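Working notes, beginning with the structure itself.
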Number of protein chains: 2
Amino acid sequence: MSVTIKHIAQRAGVSHPTVSRALRGDPIVAAETAARIQRIAADLGYVPSATARSLKTSRSHVIGVIVNRISDPFYSEVLDGIQDALYSAHYSLFLASTDHDLAREKAVVRAMLERRIDGLIVCSLFVTPPYRSELGASGAPLVVVHNRSRDPNADAIYHDDYAGSRQMTRHLIDLGHERLAFIGSARAGVESEDRLAGFRDEINAAGLTAPPERIVQAANGELASGSAAVESLLRLSHRPTALVCFSDMLAIGAIRRLQQAGYAVPADCSVVGFDDIVLAKFVNPPLTTFNQPKYALGQQAAQMMLRLLSAKQRKENGDQQNRITLRGEILVRASSAPPPAE
Amino acid sequence: MSVTIKHIAQRAGVSHPTVSRALRGDPIVAAETAARIQRIAADLGYVPSATARSLKTSRSHVIGVIVNRISDPFYSEVLDGIQDALYSAHYSLFLASTDHDLAREKAVVRAMLERRIDGLIVCSLFVTPPYRSELGASGAPLVVVHNRSRDPNADAIYHDDYAGSRQMTRHLIDLGHERLAFIGSARAGVESEDRLAGFRDEINAAGLTAPPERIVQAANGELASGSAAVESLLRLSHRPTALVCFSDMLAIGAIRRLQQAGYAVPADCSVVGFDDIVLAKFVNPPLTTFNQPKYALGQQAAQMMLRLLSAKQRKENGDQQNRITLRGEILVRASSAPPPAE
DNA sequence: AATTTGATTACACACGTGTTCATAATCCTC
DNA sequence: GAGGATTATGAACACGTGTGTAATCAAATT
């Protein structure tokens, strides 16, 4: 229906292959011929068909991205990073969300394979094996972002939760705190374990201790669970003077409960979170937290994908393991301060 | 490289057209032949090439979606609605963000046209004319979401800000308030005007008045601007007992300032926002606000697009205007209450 | 002047699928 | 039992692009 290189060829009095080469800037066509063809193409409003090109070259220049929920405040920033990096490289982005539904996961991967994506980026905490097997035959590379399944065969981008957690803990120790508590999330699995490990190791490195009664698990990631998790800490004879929370939401819940119980934050007790959700800046007091480089995670994922693709094109042995770990930064706000005088 | 219908044909001892028909469920092929072909296809792990199919049928079953920023808290929920609706209809989604950059806008539209999208959904407050002209020749339908340029030729999904604002105002009047103030946003253009108009009309309908000194404009959408906008209201001899704010962020800023000045919210002054951002539920007091149906906006946009496409396929005169206006719902939380006794 | 060289361009085919038309096989009807 | 109606399949071509090879032509070389 639309204008093709054949139309241009007819108009220019040449054959279509010549038009094809001229438009791709192949130096084999005479400069003046090329210029004339390009002018005609512009006049006719020619828009090349990536579809036909893909069919012939078997490269689509499209990357599939799968996420559980697009509006997820964490992953939507990752998506921004991916999109920007892909745009710079003249790649397009196929997006699909799975809504945590396994059947839908398979369906969207299938749809993407039918579309002949060049590669797939999966942004999800769980599962890689199904993706890998589905993708296997297609030869499309797979990059996972922030995936906690620790698939040793996957190319992956991680955030260094362990180091981040150590840094947060260090911050409180530097302020003078000696009795620190940790509030984890029972639902978060490996992620929570990493942060707890960071907490423990930093405590030990400072010559302090973290007895079991100062390590509690919130039932899930909800604000109310954060409040509930504080209860047992309040009953301790030696109350902690600082709380390291698995997430901002838990931290905010904890602060609420402390304030209701008549304690001032941070005067009586410091509280720090993790993730830097939008909310963190606006609560009272503004929350000291840790900013995961969400945008950079996405950007790096896309760039890793592009590297894999060009390596594949050059037929290098892409067998070397790709695994990048990024570090975020601590954001000191008003919820952390030196401990109260004894 | 991968397995094609020709391979299947060879294996089944038939010709490729027969395979094509069998896999598409064409009843013209014998039932047993079809069954045999389908089994072979499954055995061989056949994945049809949507690329080749698009080339032949000139329908890609892909919808392009353009947004300024994927992580925008408003539009990312719209995207979820679009994605879910498209998924149900077996359509895929091409996503690109423009970052408010005009050159990039053109580039991504161009890329999508090259990919031969069947239709385009634009999620942006501004501009349709450039899109329309770029798209013109391709014949792909255009649907705009929440676009304030009021292009009379565009198929569009809107949220009824006017009705929403009236509803918020009504809520406060019903609580007994008689002196209401409005805090607009100088940057928001038509959107702010609509909400102000709703405020005014509802005030007048109730036999009350809204003198100019009780209508102020915040410099922009930031929290601090909300705080600043309250200043002039505090100096009035008859202070308002309720504030209708253009957005949640402004409302939160206003509440901060009121609390700093020693006023209790809502005991001394009610404050309501608009948009229901994530934050709204967690501030103190939790904010009474208006929930725009973001997900539904996206869903409806996708469904409108699908209707346009099937109308186009049936060659109906798709000339009738498509314009859908959705209404959200008021969320009454703790920041609104009856006015203080005089 | 004949041949070689180099520069351009045309021809033919391929990518994987869908579609139209013709053909072969089967069945029914008189 | 012959002719037509019906059914199932195959052959050929098309979609728009890219690529390898042959062909044309002018200029340069011997």
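What you see is a predicted model, and the numbers here were worked out from it, not measured in a lab. To find a chain, count down the sequence lines: A is the first, B the second, and so on, and within it residues start at 1.
- With B:Asn68 contributing its side chain and B:Ser124 its backbone, the two residues share no donor-acceptor pair below 3.5 Å.
- Put simply, CG on A:Leu55 is 7 Å from P on C:dG16, counting in whole angstrom units.
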Reading 5' to 3' through nucleotides 5-10 of chain D, protein heavy-atom contacts under 4.0 Å coded B for base, S for sugar-phosphate only, - for none: ---SSB

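- At least one donor-acceptor pair under 3.5 Å links the side chain of B:Gln38 to the backbone N or O of B:Ala22.
- Note: CZ (B:Arg116) to P (D:dG16) measures 8 Å, nearest angstrom.
- Note on A:Ser20: a side-chain N or O is less than 4.0 Å away from OP1 or OP2 of D:dG18.
- Remark: C1' of C:dA7 and CD of A:Glu32 are 12 Å apart, rounded to the nearest angstrom.
- The distance from the OG atom of B:Ser71 to the CG atom of B:Leu79 is 10.5 Å, given to the nearest 0.5 Å.
- For the pair B:Lys56 NZ and C:dT19 C1', the interatomic distance rounds to 6 Å; values are reported in whole Å.
- One atom, CZ of A:Arg115, and another, P of C:dT17, lie 14 Å apart when rounded to the nearest Å.
- Across the protein-nucleic acid pair, A:Glu114 atom CD and C:dG18 atom C1' stand 15 Å apart, rounded to whole Å.
- When each of A:Ile121, A:Ile82, A:Ile63 is paired with A:Leu93, the side chain to side chain contact (heavy atoms under 4.5 Å, CB included) condition holds for A:Ile82 and for no other.
- Residue B:Arg115 comes nearest to A:Thr51 through the heavy atom pair O-OG1, 3.9 Å, listed as atom of the first residue, atom of the second, then distance.
- Summarising the geometry, the separation between CZ on A:Arg53 and P on C:dG16 is reported as 18 Å, rounded to the nearest angstrom.
- Look at CZ on B:Arg24: it is 10 Å from C1' on C:dT17, rounded to the nearest Å.
- When every heavy atom of B:Ala85 is checked against every heavy atom of B:Leu306, the shortest pair comes out as O-CD1, 4.4 Å.
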